[in-house]
Student: 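One structure is given below, represented as structure tokens, and several questions about it will come after.
What you are looking at is a predicted structure, and each value in this text was computed from that prediction instead of being measured. Chain letters run A, B, ... following the sequence lines, proteins first and then strands; every chain starts at 1.
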Amino acid sequence: MVAAVGSALAVLAMSGCSGSSGGTPSESAAGKSFEFWSFTGINQKADVAKYKEKRPDVEVKLTEVGGATETAQALTTALAGGKVPDLVLIQGDNLPKFVQQPQNFVDLRTLGADKMKSDYLDWVISQSVAKDGSIIGIPTDVGGMAVAYRTDLFKEAGLPTDRDEVSKLWPTWDAFIETGKKYTAATGKAFIDNAGTGIFYQAVNQVSQKYYDPAGNPVYDKNPEVKAAFDLGLKAVAAKITARQASFSDAWSAGIKKGDFAVIAAPSWMLGQLKDNAPDTKGKWDLAKIPGGAGNWGGSYLAIPKRAKNPKAAWEYISSTQSPQGQLQHFTEAGSLPTTPSVYKDPKLTSVKEPFFNDAPIGTIYTDSLLGLKPFLIGPDSAVMGQEFLNAITNVEQGKGDPAKAWDAALTAIRTAIGG
Amino acid sequence: MTTISPARATITPPPAPAAPRRRLTDILAPYAYIAPFFAIFAVFGLIPLLFTFYVALFDWNPIGDHVFIGWDNFTRLFGDVRFWNAVRNTISIWFLSNVPQLAFALLLAHLLNHVRLRFAVFFRMSMLVPYITSVAATAIVFSQIFDRDYGLLNWLIGLFGFEHIDFVQSVWGSHVLIAVMVTWRWTGYTTLLYLASLQAVPRGIYEAAAVDGAGTWRQFLHITIPSLRPVIVFTIVTSTIYGLQIFTEPLLVSRTTLNTCGAVRQCQTLTLFLYEQGFGQFEFGYASAIGVALFLMVVVFAGINFYLSTRIRPGRP
């Protein structure tokens with residue numbers, strides 16, 4: 001075992017050298033251009049444009065394949081036998097299936113990822129480490145959590161509007177639901193968009209252990225923390241404070257524009273969506289802390305497929321844009337939260353204010369939610385499990401399902417889905 | 001004798017070597033003409049189909065291992081509630097969309113064929129508009145009409161003091177919504193097929209019937225339907241094949257729960273289930289088993305339909 005590790009390190013050291021000498025004339029032809037698949041809504045165009053300013057000699061062929069899931073599907077098809085890109089962005093939820101088959105990707109340790117590894121949040125980079133120790137992805141961003149709320153609607157309902165006072169309204173999810181009841185009683189309108197993503201997804205991302213235990217065994221049905229988060233979702237349904245609008249649907253966007261609900265769970269990547277969806281509501285929003293204080297929802301990774309033609313050009317892009325300084329710059333421009341904790345106290349980050357959200361200090365709000373985080377393992381079927389739990393809550397929310405049977409229905413659905 | 005031999009001479013001379021060559025090309029020519037279709041069919045139809053049967057016998061991860069497991073995928077499929085749910089949904093949506101579609105198309109074709117219809121060409125051409133509209137555009141428009149909170153239909157219902165109906169979230173509502181989209185899209189197309197066939201029916205028959213005092217309804221029952229029999233059989237069979245493979249409409253109706261079409265899979269059809277397993281879960285073997293089941297279902301349904309619809313006989317509408 002020790003010998004194996006030793007030889008692996010030796011290989012690493014050698015390939016690390018060849019990686020850094022990528023600019024020699026004989027290799028430069030291959031290193032001048034690479035193909036990059038990303039997904040929509042994450043604004044990789046801005047990153048690519050910035051990179052081109054620094055490296056005008058490099059040609060980046062960026063394709064926004066579709067949503068995160070569609071991009072992962074396209075990647076799967078490509079890996080199964082098609083033409084692969086040189087670089088691909090994979091969303092955290094889709095990552096485990098690829099990490100389980102590391103033979104499809106370049107082990108980034110061979111390009112020097114080991115030297116950078118300590119730059120990133122431990123629990124974030126560890127999600128892209130395969131069983132054999134290879135690193136298949138470098139984390140580009142994480143989804144720190146917060147609650148976006150409408151100050152104008154809060155005022156009408158007689159609730160405080162200052163972000164610190166609002167944060168104090170909901171130290172816990174129970175207090176959050178109580179606040180919702182007050183709001184709904186005062187205005188007759190829904191408080192939050194839905195119970196599934198709005199409450200259950202948030203609460204279940206704040207646990208110390210989610211659907212898998214640290215050894216990788218599924219515990220979705222036994223973990224009391226998951227059950228508690230599920231029950232919070234049902235409690236919000238019973239309190240009748242939800243607008244019953246599925247996140248990202250057309251009606252959800254319409255609801256945001258019309259102010260049909262006053263709060264929305266807003267991980268850092270959601271800010272862009274809100275701005276795009278309802279530009280007219282600028283300045284009416286503010287950001288408060290997430291109940292419970294800490295948590296993470298989402299995040300993405302850059303990976304290089306094994307059959308990539310220009311892995312070196314792709315790696316140069318990764319090492320340049322995903323360095324702590326590179327991620328910090330991306331944050332100030334596009335709002336994706338860095339995965340590199342060394343910049344969390346950087347004045348450039350802490351001073352970022354978001355005018356759309358009433359000048360909320362997004363740099364500190366989101367990084368605070370990450371620093372208190374208890375990391376958990378994301379397994380191969382985590383996404384399916386989450387979806388089935390969400391579906392069970394939604395079914396009750398739509399008045400079709402029996403709340404007393406929802407938990408068992410969800411467990412049955414998960415067992416059928418994962419075939420176990 | 002002398003008159004016969006020259007005649008014989010004219011028959012026998014055909015140059016011996018040329019005859020078989022011409023005959024060979026004559027024999028081969030038709031095959032050469034149809035070969036492109038069969039070659040393309042083999043590459044894009046038959047080989048994938050056979051490969052699907054093959055993959056269905058494996059636990060097939062597209063980017064990992066392929067483990068032979070025999071009939072296990074099929075055993076699992078028959079015990080899977082999601083499969084039977086998808087079968088029910090598919091048949092329900094197929095029935096809800098096909099019956100009105102064929103009935104409307106028959107009536108429309110009959111009316112469009114009417115002698116005294118003015119601007120007939122305009123009406124006939126406009127039949128094709130829904131068909132050439134993209135399914136995505138159709139789905140977006142209909143989803144907005146049928147939306148629970150902001151939909152036009154529920155706004156109208158609300159004016160009369162009724163509660164809003166949540167079409168997408170209920171089983172029957174989502175089926176009706178999808179069926180309406182399919183009917184809207186295909187009725188015009190089917191109408192034109194019927195109309196084209198009706199144009200071949202001699203006008204005299206209708207005129208004679210009119211002289212005998214048969215109203216338009218009697219003409220419809222006793223002339224239009226019987227004369228359309230072959231094309232009705234054709235449309236029933238083709239729309240069955242299309243209907244059982246319906247994919248885009250349910251996918252677009254519930255865009256937030258992409259592959260399940262609703263919280264309890266209320267409108268998840270077989271192809272959507274196949275897609276979920278194949279490209280959502282990367283279980284290509286299981287997805288292939290669903291594909292095989294779907295293939296068999298289409299064959300059986302098309303067969304039953306063909307048998308039943310050939311029973312439509314003149315005088316027995």
Student: Taking all non-hydrogen atoms of both residues, which atom of B:Gln281 and which atom of A:Asp381 are closest, and how far apart?
Tutor: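 Where B:Gln281 meets A:Asp381 most closely, the heavy atoms are OE1-OD1, 4.5 Å.
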Student: Are side-chain heavy atoms of B:Phe279 and A:Thr77 found at a separation under 4.5 Å?
Tutor: yes
Student: So with a 6.0 Å cut-off around CZ of B:Phe95, is the heavy-atom count from everything else above 12?
Tutor: no
Student: Please look at A:Lys400 and chain B and tell me whether the side chain, the backbone, both or neither of the residue comes under 4.5 angstrom of a heavy atom of that chain.
Tutor: side chain
Student: Taking side chain as everything from C-beta outward and backbone as N, CA, C, O, which of these in A:Asp260 sits under 4.5 Å from a heavy atom of chain B? Side chain, backbone, both or neither.
Tutor: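 Just the side chain, heavy atoms under 4.5 Å.
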Student: Taking all non-hydrogen atoms of both residues, which atom of B:Pro62 and which atom of A:Ala80 are closest, and how far apart?
Tutor: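 Nearest heavy atoms, B:Pro62 then A:Ala80: O-CB, 3.4 Å.
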Student: So which part of A:Ala72 gets closer than 4.5 Å to some heavy atom of chain B, the side chain, the backbone, both or neither?
Tutor: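 The answer is the backbone of A:Ala72.
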Student: Under a 3.5 Å distance rule, please check whether B:Gln169 uses its side chain to pair with a backbone N or O of A:Gln398 as donor and acceptor.
Tutor: no
Student: Identify the heavy atoms of B:Ile63 and A:Thr76 that sit nearest to each other, and give their distance.
Tutor: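 In terms of heavy atoms, the two residues are closest at CG2-O, 3.7 Å.
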Student: Taking atom CG of A:Asn395 and atom CZ of B:Arg265, what is their separation to the nearest 0.5 Å?
Tutor: 12.0 Å
Student: Got a sec: does the NZ of A:Lys257 have more than 12 other heavy atoms crowding it under 6.0 Å?
Tutor: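 Yes, enclosed.
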Student: At under 4.5 Å between heavy atoms, what parts of residues 37-53 of chain B are in contact with chain A? List them by residue number.
Tutor: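 Expected list: none.
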Student: Considering residues, nucleotides and ligands other than B:Phe68, do more than 12 of their heavy atoms fall under 6.0 Å from its CZ?
Tutor: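 Yes, CZ of B:Phe68 has more than 12 neighbouring heavy atoms, counting only those of other groups under 6.0 Å.
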Student: In Å and rounded to the nearest 0.5 Å, what is the CG to CD distance from B:Asn61 to A:Gln100?
Tutor: 8.0 Å
Student: Which pair of heavy atoms, one from B:Gly262 and one from A:Asn391, lies closest together, and at what distance?
Tutor: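 What the structure gives for the nearest pair is O-ND2, 4.4 Å.
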Student: Using 0.5 Å steps for rounding, measure from the CG atom of A:Leu390 to the OG1 atom of B:Thr260.
Tutor: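 Atom-to-atom, A:Leu390:CG and B:Thr260:OG1 are 9.5 Å apart.
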Student: Is there side-chain contact between A:Gln73 and B:Tyr275, with heavy atoms separated by less than 4.5 Å?
Tutor: yes
Student: Examine whether an atom of A:Ala243 lies under 4.5 Å from a heavy atom of chain B, and if so say whether it belongs to the side chain, the backbone or both; otherwise answer neither.
Tutor: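 For A:Ala243, the backbone is the part near chain B, not the side chain.
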Student: Can you confirm whether B:Asp65 is buried at CG, in the sense that more than 12 heavy atoms of other residues, nucleotides or ligands lie under 6.0 Å from that atom?
Tutor: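 Open.
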Student: Which residues, numbered in order, of residues 142-150 of chain B come under 4.5 angstrom of chain A by heavy-atom distance?
Tutor: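 Only B:Asp147, B:Arg148, B:Asp149, B:Tyr150 of residues 142-150 of chain B have a heavy atom under 4.5 Å from chain A.
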Student: Contact part of B:Phe83 toward chain A, heavy-atom cut-off under 4.5 Å: side chain, backbone, both or neither?
Tutor: neither
Student: How about OH on B:Tyr242, more than 12 heavy atoms from neighbouring residues, nucleotides or ligands closer than 6.0 Å, or not?
Tutor: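 Yes, OH of B:Tyr242 has more than 12 neighbouring heavy atoms, counting only those of other groups under 6.0 Å.
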Student: Could you go through the salt bridge (Lys or Arg N to Asp or Glu O under 4.0 Å) check for A:Glu388 and B:Arg82 one step at a time?
Tutor: CA-CA 13 Å; A:Glu388 293 296 354; B:Arg82 297 171 302 172; 5.5 Å; no
